[in-house]
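What follows is a short report on a single structure.
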Amino acid sequence: MSGGTDEGEELTLRERVEENPRPAMLWLAGASVLLLLEIGAVINFVTGLFGTPVEIPTLLSRELIPNNGYWLPDSGWHETFLGLPAAYVWAIRVVLVYAYAFVWMVWLWKGYLIFRENYRYADWTPRDDMVDRLRGHRWGQFGAIIVFAFVVMAVFAPALGPTTVERTIQDPYSHYLHYYDEEAGELKNVTVGTANLGARSQGTPSRNVGPMTYDEFNRFHPFGTMPTGKDMFTFMMAGARVSLFIGVVSIGVSGLIAVSFALLTAYFKGLVDLAVVIAGDSIMSLPRLLFVMLLSVVLGGTWISKMYNGGFLLAVIFAATGWPFLWRAVRGPAMQVAEQEWIDAAKSFGQRPSVTMRKHMAPYILGYLLVYASMSLGGIIIAVAGLSFLGLGVQAPTPEWGRAVNVGQGYVTTASWHISFIPGVMIVLVVTAFNALGDGIRDAIDPQSESGEGEGTEAAAAAGGGA
């Protein structure tokens, strides 16, 4: 670490930053610039969780780069960004959104390097080797790229779609659009709902708007339209946000419960361990999917089912039924760490149990939790899609990928094959990606697991450490 600390003096991170503020200030300045560019999207997402989202234009919003316009035979496109075709404008916005998200990733990586070079005491920790191994893990990198693309879909869903959920799904008859009527030879005005009826994909060439095509109202549809005429790309982007919300909330809550119970049972053992074992095994003995379906039906009429159109209820149910699986995954490593000499030393010095668990035990099981959480997240996404396919998941009209598969299953062998095929492929791809990322993290934490040479004892050591 650079800086002028006295030998033998150990400073807190805050004191180290105050001693050498320039790298940290430059890093935070970069974050401020990036955040200000899209602060409107953050406010829109947060307010959308609790009701009607607040619309604030941002640099990447459709208000600044509009793609909803109309085409005239003699003068080309109107009301689109720079008069470009709607498909080109949509592509420009997509590229800018992903470029912006990529810059955020670079900023995070730079922050890690700045911490290593300027504020960390140790020149090397086991976590450095773990990061280096993950950088060379091609299968894990494939998963990371797809997961990155999925997260960007969810976070920037309002900006990525060629239209909005409000216009094409929730309230189409309150919004209007202009289009050129070739038969009448003039510009006309029509509601989005009426336009959707004319752009339906219902299995025949005369009633189909496929991927990467325009409908008769000059609207571009990257994934085509659904049987109701709604834009499928907008539906899929909004569905990604719903899936990610349910997955992250459920994994976050169940992971917190699992780690807490693993630390308590490993530290105190005895009756505490027995009580958690009985509770966890009782839940694990139930057929989980059937239990989830039962709870979603029983709690369907309660106040909690109205939050996020049933998404929050599903997240709570998955968290309540999923924590024993994560707890079982981290209980063994927690037990191993609890038997180490430094834990006994901490006890002999009278250190409080909460401090010992937080400082000396938790870091050694978080790596395992990350591996199993990544793999479990893919399972939750496919389970939510399955429930929506059966009509038990998120309530309509809120978009969800499983419902798209359901409504398109009758058109699989027709011209409208895209309705089920695209969401089906995306579900498989995202679930595979989360599993691949979990494999990469596991192999990075425990390199011997890749060759099948060892178990997780060394992994507990590799996962911890660091100043």
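For the numbers below, each heavy atom of this structure counts, side chains included, while hydrogens, waters and symmetry mates do not.
- Applying the salt bridge (charged side-chain N to carboxylate O under 4.0 Å, His left out) criterion to Arg403, with sequence neighbours excluded, gives no partner residue.
- With sequence neighbours excluded, no residue forms a salt bridge (charged side-chain N to carboxylate O under 4.0 Å, His left out) with Lys110.
- With sequence neighbours excluded, no residue satisfies salt bridge (charged side-chain N to carboxylate O under 4.0 Å, His left out) with Arg135.
- For the pairing with Ser254, the side-chain contact (heavy atoms from CB on, under 4.5 Å) check across Thr321, Leu326, Val249 returns one residue only, Leu326.
- Classification of the Trp27-Trp107 ring pair by plane angle, with boundaries at 30° and 60°, yields parallel.
- Judged as a salt bridge (charged side-chain N to carboxylate O under 4.0 Å, His left out), the pairs with a partner in residues 218-246 (not counting sequence neighbours) are, in order, Asp215-Arg219.
- For Lys269, the side-chain contact (heavy atoms from CB on, under 4.5 Å) test picks out Met335, Ala338, Glu339, with sequence neighbours left out.
- Scanning for side-chain contact (heavy atoms from CB on, under 4.5 Å) contacts around Ala346 gives Gln351, Thr356, His360, with sequence neighbours left out.
- Atom CZ of Phe233 has more than 12 heavy atoms from other residues, nucleotides or ligands within 6.0 Å.
- The salt bridge (charged side-chain N to carboxylate O under 4.0 Å, His left out) pairs that include a residue from residues 308-332 are Asp273-Arg331, Asp281-Arg328, where partners are two or more places apart or lie in different chains.
- Among pairs with a residue in residues 394-422, those fulfilling ring-ring contact (aromatic ring centres under 6.0 Å, His included) read Phe150-Trp401, Trp417-Phe421, at least two apart in sequence or across chains.
- Aromatic pair Trp342/Tyr364: ring centres closer than 6.0 Å.
- Remark: Phe434 engages no residue in a ring pair (Phe, Tyr, Trp, His ring centres under 6.0 Å) (not counting sequence neighbours).
- Here Trp109 pairs with Tyr112 under the ring pair (Phe, Tyr, Trp, His ring centres under 6.0 Å) rule; sequence neighbours left out.
- A search for ring pair (Phe, Tyr, Trp, His ring centres under 6.0 Å) contacts involving Phe261 returns Trp323, not counting sequence neighbours.
- Rounding to the nearest 0.5 Å gives a distance of 9.0 Å between CZ of Arg62 and CG of Leu160.
- When the salt bridge (charged side-chain N to carboxylate O under 4.0 Å, His left out) test is applied to Glu63, no partner is found at least two apart in sequence or on another chain.
- Close placement of the Tyr214 and Trp77 rings is indicated, their centers lying within 6.0 Å of each other.
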